[in-house]
Amino acid sequence: MIDEFAKGNLHGRLRRDREALLWKLDGLSEYDARRPLTGTGTNLLGLVKHMATVEARYFGEVFDRPSPERLPRWQDSDGSDLWAAEDETLDHIIGFYRRTWEHSDATINELPLDAPGHVPWWPEPRPNTNLFAIMVHVLGESNRHAGHADILREGLDGRTGMRPEHEKAVDEEARAAHWAKIEQAARSAAAVKA
């Protein structure tokens, strides 16, 4: 009974984070979705592509249920899952992510939490694991990258939030006043330390 509760709870949170990450692409142009927004090139569409690849590997290869999506061998990973090439459209990558969800969900639904898995890219002694550990791991990855996406999207156009129904119109004046208050507190704290 506790296994089904735990599995359902983890799966529900994973679904929530998937949707939150995809929502960060809402209304963006091909350029804004894929342009580098940090010094390391992090971008919104790249985060989605990366999470699709992460799920495909962890809920596919780890449980000997290869993804129907074409993936390079994990040994040949070169970071290309973190950005979108010119021929990879928003629709293409979103479709890849949604199809990966279907495959991941089938793995989660069909296997018990203690189903054994093997992660060949994890060092000894950790490569042998189970579905529970993989669900926690992928949920952590999803949550982390959804947080990255929150910050990137806010930097692009000020939009914040986890779901469209919770989004509020940006009050530029209130936001500027709040920012100024925090900036003043930081400056005051620095002056005390000086």
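Quick note: residue numbers are just sequence positions, from 1. Note that these values count all heavy atoms, side chains included, but never hydrogens, waters or copies made by symmetry.
A continuous path of hydrophobic side-chain contacts links Phe59 to Leu111 [ILVMFWY only; heavy atoms under 4.5 Å]. Linking Ile, Leu, Val, Met, Phe, Trp and Tyr residues whenever their side-chain heavy atoms come within less than 4.5 Å places Val54 and Leu14 in a single cluster. By the rule that hydrophobic residues join a cluster once side-chain heavy atoms approach within less than 4.5 Å of another member, Phe96 and Leu90 end up as members of separate clusters. Hydrophobic clustering keeps Leu47 apart from Leu71 (ILVMFWY residues linked when any side-chain heavy atoms are closer than 4.5 Å, directly or through intermediates). Hydrophobic clustering (ILVMFWY, side-chain heavy atoms < 4.5 Å, transitive): Ile151 and Leu21 are in distinct clusters.
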*Dump the intermediate steps for side chain to side chain contact (heavy atoms under 4.5 Å, CB included) on Leu28 and Arg159, then the final yes or no.*
CA-CA 11 Å; Leu28 292 180; Arg159 287 180 72 181; over 6 Å; no

*Would you sort out whether Ser104 and Glu55 count as a side chain to side chain donor-acceptor pair (under 3.5 Å), showing the intermediate values?*
CA-CA 7 Å; Ser104 298; Glu55 282 206 35; 2.8 Å; yes

*Starting from the C-alpha separation in whole Å, work towards a yes-or-no answer on salt bridge (Lys or Arg N to Asp or Glu O under 4.0 Å) for Asp81 and Arg57.*
CA-CA 12 Å; Asp81 69 319; Arg57 292 207 189 286; over 6 Å; no

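Within 6.0 Å of atom NE2 in His118, more than 12 heavy atoms from other residues, nucleotides or ligands are found, so the atom counts as buried in its surroundings. Open room surrounds CG on Asp64; 12 or fewer heavy atoms of other groups in view lie less than 6.0 Å from it. Atom CZ of Arg15 is surrounded by more than 12 heavy atoms from other residues, nucleotides or ligands within 6.0 Å.
Using a 4.5 Å cut-off on side-chain heavy atoms (C-beta onward), Thr100 and Glu69 make contact. The shortest distance between side-chain heavy atoms of Asp87 and His92 does not fall below 4.5 Å. Inter-residue side-chain proximity for Lys7 and Ile108 is flagged as met; some heavy-atom pair is nearer than 4.5 Å. Using a 4.5 Å heavy-atom cutoff, the side chains of Arg16 and Asn143 are in contact. By the 4.5 Å heavy-atom criterion applied to side chains, His178 and Ile182 are counted as neighbours. At least one side-chain heavy atom of Leu44 sits less than 4.5 Å from a side-chain heavy atom of Leu156. The shortest side-chain heavy-atom distance between Leu152 and Lys24 does not fall under the 4.5 Å cut-off.
The two residues Gly41 and Pro36 come nearest to each other via the heavy atoms CA-CB, 3.6 Å. Contact record, Glu110 with Arg65: OE1-NH2, 3.0 Å, taken as the closest heavy-atom pair. Smallest separation of non-hydrogen atoms from Val48 and Tyr97: CG1-CD2, 3.6 Å. Taking both residues in full, the closest heavy atoms of Trp83 and Lys49 are given as O-NZ, 2.9 Å, listed atom of the first, atom of the second, then distance. Nearest heavy atom pair, residue Thr42 against residue Thr38, reads N-OG1, 3.1 Å. Nearest heavy-atom pair across Leu45 and Ala84 is CD2-CB, 3.7 Å.
The line from CG of Asn43 to NE2 of His50 is 12.0 Å long, rounded to the nearest 0.5 Å. Here the CD-CG distance, from Glu4 to Leu113, works out to 7.0 Å after rounding to the nearest 0.5 Å. Between atom CE of residue Met51 and atom CZ of residue Arg18 there is a gap of 8.5 Å, rounded to the nearest 0.5 Å. Within the model, atoms CZ of Arg13 and CG of Leu10 stand 8.5 Å from one another, a figure rounded to the nearest 0.5 Å. A distance of 10.5 Å separates CG of Asn128 from CH2 of Trp122, quoted to the nearest 0.5 Å. Annotation: the span from Ile93 atom CD1 to Leu25 atom CG amounts to 9.0 Å, rounded to 0.5 Å.
Side-chain N or O atoms of Arg99 include none that pairs as donor or acceptor with a backbone N or O of Pro68 at under 3.5 Å. At distances below 3.5 Å, not a single donor-acceptor pair connects side-chain atoms of Ser142 with backbone N or O atoms of Asp17. Under the 3.5 Å distance criterion, the side-chain polar atoms of Arg35 are left unmatched by any main-chain donor or acceptor of Tyr31. Using modelled atom types, no side-chain atom of Arg34 and backbone atom of Ser29 make a donor-acceptor pair closer than 3.5 Å.
Classified by interplanar angle (parallel below 30°, tilted 30° to 60°, perpendicular above 60°), the ring pair His148/His145 is tilted.
A salt bridge is defined here as a Lys NZ or Arg NE, NH1 or NH2 lying under 4.0 Å from an Asp or Glu carboxylate O, and Arg187 with Glu183 meets this definition. The residues Asp157 and Arg153 are annotated as salt-bridged, a charged nitrogen and a carboxylate oxygen being separated by less than 4.0 angstrom.
Between Tyr58 and Trp121, the distance separating the two ring centers is shorter than 6.0 angstrom.
Side-chain N/O atoms of Asp78 and Ser80 include a donor and acceptor closer than 3.5 Å.
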